[in-house]
Protein chains: 2
Amino acid sequence: MPDLDLHVERHPATLRLLVEDKLRAAIVEGRFPPGQRLIERELCELTGVGRTSIREAIRQLEAEGLVTVVPHRGPSVTVITPGEARDLYAVRGLLEGYAGREFARLRPEAEIAALGRDVEGFARAAANADRRALIAAKTALYATLMRGCGNAVVRQMLTTLHNRITLLRLTSMSQPGRLKDSVSEIRTIAAAIVTGDGDAAEASCRLHIARAAVVAIAVLEQQSNVPTQVSRGRHSKTE
Amino acid sequence: MPDLDLHVERHPATLRLLVEDKLRAAIVEGRFPPGQRLIERELCELTGVGRTSIREAIRQLEAEGLVTVVPHRGPSVTVITPGEARDLYAVRGLLEGYAGREFARLRPEAEIAALGRDVEGFARAAANADRRALIAAKTALYATLMRGCGNAVVRQMLTTLHNRITLLRLTSMSQPGRLKDSVSEIRTIAAAIVTGDGDAAEASCRLHIARAAVVAIAVLEQQSNVPTQVSRGRHSKTE
DNA sequence: GTGCGAGTATTGTCTGTCAATCAGCAGATT
DNA sequence: AATCTGCTGATTGACAGACAATACTCGCAC
């Protein structure tokens with residue numbers, strides 16, 4: 001029998017998972033800003049599903065750290081403090097450094113090839129200053145890194161970590177000056193990986209994250225002096 | 001005003017959280033062995049709460065990796081494969097190494113004191129070969145380590161990681177020969193921390209985990225040759 | 001202006017219901 | 001005899017409705 005690709009797209013599984021994905025996307029895209037309260041009934045109307053599915057999806061997002069639920073007050077999009085940002089970046093540097101090292105050690109053929117493509121795609125997007133393409137390229141790059149390291153636990157943790165960090169980058173977009181540095185840093189990382197230099201890969205990953213952290217936390221602290229409370233009132237009427 | 005500790009224990013909050021804690025405890029204590037299916041209605045009877053709370057609690061445990069839910073088949077206690085065990089220990093070594101380093105760098109007074117007490121408690125428990133005391137001592141030790149590192153994200157991740165690893169230690173209890181080594185390794189770690197030697201603290205933490213990993217994975221692989229499927233049938237009637 | 005109390009909005013939880021799906025079993029077929 | 005087929009029971013996925021408990025808001029009295 002020829003190996004036909006008869007994948008039937010296996011229904012996105014359950015409704016709950018669909019809701020979960022939609023909400024997660026809405027949050028990381030900034031359509032629900034940090035601090036925004038998520039009222040169950042509103043979400044029911046927005047999504048067209050019952051409270052059951054909404055509530056269970058929220059639990060998942062809570063576990064991922066994207067939403068914060070205080071009992072009897074309901075869920076809201078997590079607001080990240082400077083201290084938490086510091087902690088998040090510390091762990092991210094640790095894990096990405098490890099991922100880089102393992103990627104360099106294992107050097108899986110397919111992912112090495114993908115890495116080259118992704119880096120070039122990122123460089124192109126950076127040159128064109130195309131925000132959408134940039135985000136897509138960066139996402140692809142990270143996906144390759146996480147596949148390449150061969151550690152499912154790291155992959156999952158980095159994914160949620162990345163989402164959480166995106167939360168604090170929403171309000172303040174990364175500086176344009178940082179972009180050129182980013183490209184060169186990423187080239188360095190990729191070079192270390194393809195040559196199989198684990199130490200260099202880890203070091204360059206950590207350096208990359210550390211620099212990103214400095215910028216992000218600086219902006220965040222500057223912001224936190226003017227605490228722009230979103231949705232202080234009951235309804236924020238974003239429509 | 002003297003800083004009285006007027007904490008009012010703030011009611012365990014919601015029923016869902018209680019259920020969650022109960023189930024988590026039951027799983028990590030091994031009362032639900034890996035592979036055991038968790039049928040909603042049975043859990044309802046066991047806990048005396050409705051399906052709503054059960055289901056939401058399960059979502060949380062799923063996110064923590066303690067239970068695995070396959071759509072339309074329901075939740076069961078996660079079975080850890082040797083490969084996953086390797087990944088888990090790798091990440092654990094990474095995070096605990098970091099925690100040790102940061103602990104040594106910060107040296108918070110209260111936690112340093114607690115560390116000394118915990119290490120002695122662990123040594124005593126090991127000498128007496130008291131299983132219950134041993135587990136309690138180890139738990140206290142880890143709690144101190146995670147408080148001492150001053151990173152809430154690391155603390156949370158290590159906690160869930162620790163729970164997941166406990167899953168694979170259930171069937172096979174750690175070798176008694178390993179215990180003496182453990183004690184000495186832990187003394188080494190504590191010594192490095194109190195003297196503020198970050199490099200040594202990280203290295204000794206990693207070594208400790210690496211050794212534990214070798215033992216655990218060896219036992220696991222040996223087991224997986226005789227795949228003792230729990231609850232292959234519909235009901236396992238553990239009563 | 002401050003403190004108190006009523007009212008309302010929202011969550012937490014239960015019950016019951018129904019469709020969709022899965023696992024095992026009996027029967028039919030080659 | 002072995003395999004395929006269809007049925008049946010068990011279980012989950014999802015909804016609606018309901019009700020108590022709690023938190024937030026606002027107006028009122030002082």
Side-chain angles (χ1 to χ4, degrees), chain A residues 1 8-23 32 35-63 67-79 229-239, chain B residues 8-23 32 35-63 67-78 229-239:
Chain A
M1 193 190 298
V8 68
E9 282 312 323
R10 192 57 188 148
H11 258 222
T14 70
L15 196 51
R16 186 189 77 243
L17 290 176
L18 284 180
V19 173
E20 192 185 306
D21 289 344
K22 285 266 191 225
L23 289 183
F32 294 132
Q36 169 85 272
R37 290 190 55 183
L38 304 173
I39 286 105
E40 290 180 6
R41 216 175 320 148
E42 292 183 4
L43 295 181
C44 290
E45 290 173 14
L46 260 72
T47 59
V49 306
R51 273 178 74 196
T52 310
S53 306
I54 295 287
R55 286 177 63 87
E56 292 187 17
I58 294 277
R59 295 294 157 248
Q60 180 73 30
L61 299 180
E62 180 187 13
V67 311
T68 306
V69 179
V70 346
H72 290 284
R73 222 184 123 247
S76 53
V77 180
T78 301
V79 177
Q229 282 282 357
V230 175
S231 157
R232 176 180 291 271
R234 178 153 301 201
H235 282 134
S236 58
K237 281 292 177 190
T238 37
E239 52 193 352
Chain B
V8 69
E9 281 314 321
R10 193 58 186 150
H11 258 222
T14 70
L15 197 49
R16 185 188 78 244
L17 290 176
L18 284 180
V19 172
E20 194 184 304
D21 288 343
K22 285 268 192 223
L23 289 183
F32 294 132
Q36 169 84 274
R37 289 189 56 184
L38 303 173
I39 286 106
E40 290 179 3
R41 220 170 316 154
E42 291 183 6
L43 295 181
C44 290
E45 290 172 14
L46 260 72
T47 59
V49 305
R51 271 178 75 195
T52 310
S53 306
I54 295 287
R55 286 177 64 87
E56 291 188 17
I58 294 277
R59 296 294 158 247
Q60 181 74 30
L61 299 180
E62 180 187 12
V67 312
T68 306
V69 178
V70 345
H72 290 286
R73 222 185 123 247
S76 53
V77 180
T78 300
Q229 282 281 356
V230 176
S231 155
R232 176 181 291 271
R234 179 151 299 203
H235 282 135
S236 58
K237 283 292 178 188
T238 36
E239 52 194 348

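Just so it is clear: chains get the letters A, B, ... in the order the sequence lines come, proteins before strands, and each one is counted from 1. Since the model is a prediction, treat every value here as computed from it, not as a measurement.
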Distance check, rounded to the nearest 0.5 Å: B:S76 atom OG versus B:I58 atom CD1?
9.5 Å
With rounding to the nearest 0.5 angstrom, report the CZ to CG distance, B:R55 to B:L43.
11.5 Å
Rounded interatomic separation in angstrom, taking CZ from A:R55 and P from C:dC14
11 Å
Compare the minimum distances between each of D:dT11, D:dA23, D:dA14 and the side chain of A:H72, then state the nucleotide with the smallest one.
D:dA23
Where the side chain of B:L15 is defined as all heavy atoms beyond and including C-beta, which of D:dT12, D:dC15, C:dC14 is the nearest nucleotide?
C:dC14
Nearest-0.5 Å distance, CG of residue B:L38 to CG of residue B:L61:
9.0 Å
Between atom CD in A:E62 and atom C1' in C:dT11, what is the gap in whole Å?
13 Å
Does the side chain of A:V49 reach to within under 4.5 Å of the side chain of A:L18, using non-hydrogen atoms?
no
Would you list the protein and nucleotides 17-20 of chain D atom pairs, both N or O, that sit under 3.5 Å from each other?
unit_1	atom_1	unit_2	atom_2	d
D:dA18	N6	A:R51	NH1	3.3

Whole-Å gap separating P (C:dT11) and CG (B:L17)
16 Å
Is there a side-chain polar atom (N or O) of A:R73 under 4.0 Å from OP1 or OP2 of D:dC24?
yes
Does the side chain of B:R59 get closer than 4.0 angstrom to OP1 or OP2 of D:dG13 through an N or O atom?
yes
Using atom CD of A:E42 as one end and atom P of C:dA9 as the other, report the distance to the nearest whole Å.
13 Å
Rounded to the nearest Å, what distance is computed from the CD atom of residue B:E45 to the P atom of nucleotide C:dC14?
14 Å
Please find the pair of heavy atoms, one from B:Q60 and one from A:A63, that lie closest to each other, and give the distance.
NE2-CB, 3.7 Å
Does a side-chain N-to-carboxylate-O contact under 4.0 Å join A:E62 and A:R59?
yes
Counting side-chain heavy atoms from C-beta on, which of D:dC24, C:dT13, D:dT11 comes nearest to B:R37?
D:dT11
Looking at D:dC24, D:dA14, C:dC14, which one has an atom nearest to any side-chain atom of B:T52?
C:dC14
Find out whether B:E20 and B:L17 are in side-chain contact, i.e. whether some heavy atom of one side chain is under 4.5 Å from a heavy atom of the other.
yes
Counting only side-chain heavy atoms from C-beta out, which of C:dT13, C:dT11, D:dG13 sits nearest to A:R16?
D:dG13
Only residue of B:E42, B:E40, B:E56 satisfying salt bridge (Lys or Arg N to Asp or Glu O under 4.0 Å) with B:R51 is B:E40
How many Å lie between CD on A:E40 and P on C:dG12, as a whole number?
6 Å
At under 4.0 Å, does any side-chain N or O of A:S53 touch on OP1 or OP2 of D:dC15?
yes
Write down the distance between CD (B:Q60) and P (C:dG12), rounded to a whole number of angstrom.
13 Å
Scan A:I54 against the nucleic acid and name what it touches under 4.0 Å (heavy atoms): base, sugar-phosphate only, or nothing.
nothing
Grab the CG-C1' distance between A:L38 and C:dT10 for me, whole Å please.
13 Å
May I ask you to say what B:I58 touches in the nucleic acid, namely base, sugar-phosphate or nothing, with a heavy-atom cut-off under 4.0 Å?
nothing
